[in-house]
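The chain is numbered in sequence order, starting from 1.
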Amino acid sequence: MAQDDTRVRDQLIEAFLLADGPVSGEELSHRLGLSRTAVWKHIKALEQLGFAFEASPRVGYRAVRIPDELMAPLVRPHLPPDCLLGSPILWAESRASTNETALELAQKGLPHGAVVTAGEQTGGRGRRDRAWASPRGGMWFTVFVRNPCALRHAPDLTLLAALAVCRALRADGVPVEIKWPNDILLGGRKTGGILAQIRAEGEMVDHAVIGIGLNANFALEELPEEIRDRATTILHATGRPIDRPKALAHILAELDRLYRDLRDGRGFQAVHAEWIALCSTIGHEVEVAVGDERVRGMARSVEPDGSLVIETSPGVTRTVVSGEVLFSDREHI
């Protein structure tokens, strides 16, 4: 969609959100600086996105259904005024990957705090470049930050994003947990993941994209059959949908607070105890992929620097700085 069309779409949605009753075509035409025919075409385009309107002659249009898409005018009312994340929010009905879009836009001057969202992803990727199923009804978004931290603290971005997601969803009654280092679990099954990609200059991170995918408001049957025994959706696990725009705003608000602390030198260490309390990995048998190597043992702790300590045999430990937990005895595999 062209930039002007996106601007008109968002202004039109805002007009309906703020209206106490029907809005006349003449008023919308004046407000948007468009002909009434052009306004009608934009309303028809919104209907293709899940909006529904009642039109009454000589009265105007009234929105009777507004979908919970991750669009700027639907998210912004829930953001704290001082939140530095979420401006702008760039939504598209479909993207190959929100991370890839954000990386491309970064070369064109994408501002700090921008969030790229999508109704669906056709080429979503997770760790180790695995395909990530991203159907409609999920939450697929990428947060863009400039100069977030020193390169040595880059792993904190993923750890803090996981905490932000947990804070926001648990406040909404969704009891998610963290699987070290970047998965979100619900009832022992994967319901989300985080993929941070950085560009560094010397010892500093120049910019980073923090991609977050959450299986939210769609049926379990929308996931590939081969992963349904170890993955879930919020709708399936809790029996109710979440308000996706509000959830995104709450995640951004929590991440903004954590990001500011990181920039001020208080990163993962400052929230270490809280993170540990939400971590489902500690105290369970795990197998961790470290490159081509597999490390098996009991997960004993996550250190203040974010590394995982595994007891590989009685009294013998191995510290893993970066890797992927392939399974634990708490997960359904």
Side-chain angles (χ1 to χ4, degrees), residues 1 6 48-50 67-72 74-75 85-86 89-106 110 114-144 157-158 161-162 164-166 168-169 172 174 176 178-179 181-187 189-197 208-238 241-252 255 324:
M1 179 178 283
T6 300
Q48 296 298 313
L49 299 177
D68 67 336
E69 295 289 353
L70 305 184
M71 296 175 170
L74 304 182
V75 176
L85 304 181
I89 294 174
L90 306 173
W91 180 88
E93 186 176 7
S94 180
R95 298 187 191 278
S97 161
T98 59
N99 265 27
E100 289 304 315
T101 299
L103 287 171
E104 291 170 6
L105 293 176
L110 190 66
V115 180
V116 178
T117 67
E120 67 172 359
Q121 289 185 124
T122 58
R125 315 301 296 181
R127 286 173 66 91
R128 296 174 174 259
D129 203 36
R130 292 195 186 95
W132 180 283
S134 311
R136 296 185 183 281
M139 294 181 64
W140 323 120
F141 63 98
T142 294
V143 182
F144 179 77
L157 291 169
T158 297
V165 170
C166 279
L169 292 183
D172 194 26
V174 183
V176 288
I178 303 169
K179 185 180 83 170
N182 70 322
D183 284 346
I184 305 298
L185 301 185
L186 181 55
R189 289 182 165 88
K190 184 170 180 175
T191 195
I194 298 161
L195 179 63
Q197 296 172 270
V209 298
I210 306 167
I212 299 175
L214 293 171
N215 300 335
N217 297 346
F218 59 87
L220 187 65
E221 289 72 26
E222 292 289 321
L223 292 174
E225 186 175 359
E226 63 270 18
I227 67 170
R228 291 176 197 165
D229 61 340
R230 59 185 186 276
T232 192
T233 75
I234 294 173
L235 177 62
H236 178 80
T238 66
I242 59 172
D243 184 324
R244 292 188 294 159
K246 184 181 292 186
L248 174 56
H250 290 173
I251 292 170
L252 294 178
L255 185 57
E324 178 185 13

Could you pull out the closest heavy-atom pair between [X] and [Y], with the gap in Å?
{"X": "Leu252", "Y": "Gly86", "value": "CD1-CA, 4.0 Å"}
{"X": "Ala164", "Y": "Leu255", "value": "CB-N, 3.6 Å"}
{"X": "Gly192", "Y": "Leu214", "value": "CA-CD2, 3.9 Å"}
{"X": "Arg95", "Y": "Thr117", "value": "NE-O, 2.9 Å"}
{"X": "Leu235", "Y": "Ala219", "value": "CD2-N, 4.3 Å"}
{"X": "Ile194", "Y": "Ala161", "value": "CD1-C, 3.7 Å"}

Q) Within the distance-only criterion (no hydrogens, no angle test), does the side chain of Trp140 pair as donor or acceptor with the backbone N or O of Gly211 below 3.5 angstrom? A)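 Such a contact is absent between Trp140 side chain and Gly211 backbone.
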Q.
Using only atom types and a distance under 3.5 Å, with no angle test, would you say the side chain of Thr232 pairs donor to acceptor with the backbone of Arg189?
A.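 No, because the side chain of Thr232 does not come within donor-acceptor range (under 3.5 Å) of the backbone of Arg189.
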Q.
Please check if the number of heavy atoms outside Glu226 that lie under 6.0 Å from its CD is greater than 12.
A.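 Atom CD in Glu226 is packed in, count exceeds 12.
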Q: Could you tell me which residues satisfy side-chain hydrogen bond (donor to acceptor under 3.5 Å, both in side chains) with Ser94, sequence neighbours excluded, listed by chain and number?
A: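 Counting only residues at least two positions away or on another chain, Ser94 forms a side-chain hydrogen bond (donor to acceptor under 3.5 Å, both in side chains) with Glu120.
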Q: List in chain and number order the residues that pass side-chain hydrogen bond (donor to acceptor under 3.5 Å, both in side chains) with Gln197, two or more places apart in sequence or in another chain; answer none if no residue qualifies.
A: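 For Gln197 the side-chain hydrogen bond (donor to acceptor under 3.5 Å, both in side chains) partners, ignoring immediate neighbours, are Asn99.
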Which distance, rounded to the nearest 0.5 Å, do you find between the [atom1] of [X] and the [atom2] of [Y]?
{"X": "Glu104", "Y": "Ser97", "atom1": "CD", "atom2": "OG", "result": "8.5 Å"}
{"X": "Ile89", "Y": "Thr6", "atom1": "CD1", "atom2": "OG1", "result": "13.5 Å"}
{"X": "His236", "Y": "Leu223", "atom1": "NE2", "atom2": "CG", "result": "9.5 Å"}
{"X": "Leu90", "Y": "Thr101", "atom1": "CG", "atom2": "OG1", "result": "9.5 Å"}
{"X": "Ile210", "Y": "Leu85", "atom1": "CD1", "atom2": "CG", "result": "8.0 Å"}
{"X": "Leu103", "Y": "Thr142", "atom1": "CG", "atom2": "OG1", "result": "8.0 Å"}

Taking the side chain as every heavy atom from C-beta outward, state whether [X] and [Y] have any pair of such atoms under 4.5 Å apart.
{"X": "Val176", "Y": "Leu185", "value": "no"}
{"X": "Arg136", "Y": "Glu93", "value": "yes"}
{"X": "Ile242", "Y": "Met139", "value": "yes"}
{"X": "Leu195", "Y": "Asn182", "value": "no"}

Q: Quickly, which of Asp183, Val174, Ile184, Val165 forms a side-chain contact (heavy atoms from CB on, under 4.5 Å) with Thr191? Name it, please.
A: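 Answer after filtering Asp183, Val174, Ile184, Val165: Ile184.
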Q: From the options Val115, Leu74, Val116, Leu49, select the one residue that forms a side-chain contact (heavy atoms from CB on, under 4.5 Å) with Trp91.
A: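 Filter result, single survivor: Leu49.
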Q) Does Asp68 have any side chain to side chain contact (heavy atoms under 4.5 Å, CB included) partners at least two apart in sequence or in another chain, and if so, which? A)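 For Asp68, the residues satisfying side chain to side chain contact (heavy atoms under 4.5 Å, CB included) (neighbours in sequence not counted) are Asn217, Arg244, Pro245.
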Q: Could you list the residues that satisfy side chain to side chain contact (heavy atoms under 4.5 Å, CB included) with Ala249, not counting sequence neighbours?
A: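 Partners of Ala249 under the side chain to side chain contact (heavy atoms under 4.5 Å, CB included) test: Val75, His78, Leu79.
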Q.
Under the rule for ring-ring contact (aromatic ring centres under 6.0 Å, His included), what residues qualify as partners of Phe144, not counting sequence neighbours?
A.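 Partners of Phe144 under the ring-ring contact (aromatic ring centres under 6.0 Å, His included) test: His207.
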Q: Please report the C-alpha distance between Val209 and Val143 in whole Å, then the side-chain angles of each, then the deciding distance to 0.1 Å, and finally whether the side chain to side chain contact (heavy atoms under 4.5 Å, CB included) criterion is met.
A: CA-CA 6 Å; Val209 298; Val143 182; over 6 Å; no
Q | His250 vs Asp172, side chain to side chain contact (heavy atoms under 4.5 Å, CB included): CA-CA, chis, key distance, verdict | A | CA-CA 10 Å; His250 290 173; Asp172 194 26; 6.0 Å; no
